[in-house]
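Only one structure is covered here, and it is reproduced in the block below.
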Amino acid sequence: MKSEIKCAVNWLICQFKKFGCKQEKQLEQFSNILINLLMKRYENHWYPECPIRGSGLRAISIQQEFSDNTIFEAAKISCFENIYEYLKQMNKYLIWIDPGEVIIKDIKLKKEIKIFDYNYEQRKIENSNQLIIQTPSQYQAQLQAQVQIQQQFQLQQQQQQQLQQLQLQQQQLAQYQAQLLLQLQNSLLNPIVQQQLTLIYNNVINFNNNNTFNEIEEKFRLLNEFNILFNNTNTNTNTNSNNKSFINQI
């Protein structure tokens, strides 16, 4: 919490200096008091497991005389009497202070800038430590481990995509089977012919388990041929010799 608050307060102090404030000792006192007041204010409103929670309460408004009361309270305690002189020169800002992140929003320009990022700071520390303690062999081993992790991640992604594609094709196959069955059930064929076609249809759908792309592709091929057979039968009212080769496959 303190790192985020300190970062936000330092940014505010820099703005005061930018507009001509040279009271170093008073700025330091104001800074320390403001940090302590904000820490007390955020004490029961800081949720690292859910950073966005309570963000509205923690937000600091910079809008001239309508700026956040905590700023004026710190100014009063530190006897920073001319603080308004610097606040009125600043644009209107909103400072979001959340666990692991501090963002400054310029209300007038509608721009945001992130001035604190916990993940970035941690990476800097970790990288700095690695440069100090790692030998070349350790660095190479870590690099290889990172490559392996990346390859495993890519493989998992590919497997996930293949599984999703397989499931999609299985759904499409099931819909096609249901469509053909509905056509068969609603046909006006001779009952004996319809019984023969139903037997062929059942043999087709039970031909394999649809667990691989090849099995699904083969099932689609057989269903397409069955569909042709069904349409020919509807036209000729009986199965002809041209359909025998397909029937013999089932």
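Throughout, numbering of the chain's residues begins at 1 and tracks the sequence.
Note that NZ of Lys105 and CH2 of Trp96 are 7.5 Å apart. Values are rounded to the nearest 0.5 Å.
Applying the side chain to side chain contact (heavy atoms under 4.5 Å, CB included) rule to Lys18 yields the partners Gln15; only residues at least two apart in sequence or on another chain are considered. Listed by chain and number, the residues in a side-chain hydrogen bond (donor to acceptor under 3.5 Å, both in side chains) with Thr198 amount to none (sequence neighbours excluded). Not counting sequence neighbours, Phe230 has no partner by the ring pair (Phe, Tyr, Trp, His ring centres under 6.0 Å) test. Considering only residues two or more places apart in sequence or on other chains, Gln195 meets the side-chain hydrogen bond (donor to acceptor under 3.5 Å, both in side chains) condition with none of them. Contacts of Asn227 classified as side-chain hydrogen bond (donor to acceptor under 3.5 Å, both in side chains), with partners at least two apart in sequence or in another chain: none.
A salt bridge links Arg221 with Glu225: the distance from a Lys NZ or Arg NE/NH1/NH2 to an Asp or Glu carboxylate oxygen falls below 4.0 Å.
Sorted by first and then second residue, the salt bridge (charged side-chain N to carboxylate O under 4.0 Å, His left out) pairs with a member in residues 22-37 read Lys17-Glu24; sequence neighbours excluded. Within the structure, every pair that satisfies the salt bridge (charged side-chain N to carboxylate O under 4.0 Å, His left out) test and touches residues 91-101, not counting sequence neighbours, is listed here: Arg58-Asp98, Glu101-Lys114. Here side chain to side chain donor-acceptor pair (under 3.5 Å) pairs that include residues 2-12, with residues two or more places apart or in two chains, number zero. Applying the side chain to side chain donor-acceptor pair (under 3.5 Å) test to every pair with at least one member in residues 37-46, sequence neighbours left out, gives these pairs: Arg41-Asp68, Arg41-Thr70. Pairs passing the salt bridge (charged side-chain N to carboxylate O under 4.0 Å, His left out) check and including a residue from residues 144-168, sequence neighbours excluded, do not occur.
A side chain to side chain contact (heavy atoms under 4.5 Å, CB included) with Ser31 is found for one member of Ile35, Leu34, Ile33 and no other, namely Ile35.
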Show me, pair by pair, the donor-acceptor contacts under 3.5 angstrom made by side chains of residues 73-88, not counting sequence neighbours?
unit_1, atom_1, unit_2, atom_2, d
Ser78, OG, Ala74, O, 2.8
Ser78, OG, Ala75, O, 3.4

Compile the donor-acceptor pairs under 3.5 Å between side chains in residues 160-181 and protein atoms, sequence neighbours left out, one pair per line.
unit_1, atom_1, unit_2, atom_2, d
Gln170, NE2, Asn210, O, 2.7
Tyr176, OH, Asn224, OD1, 2.7

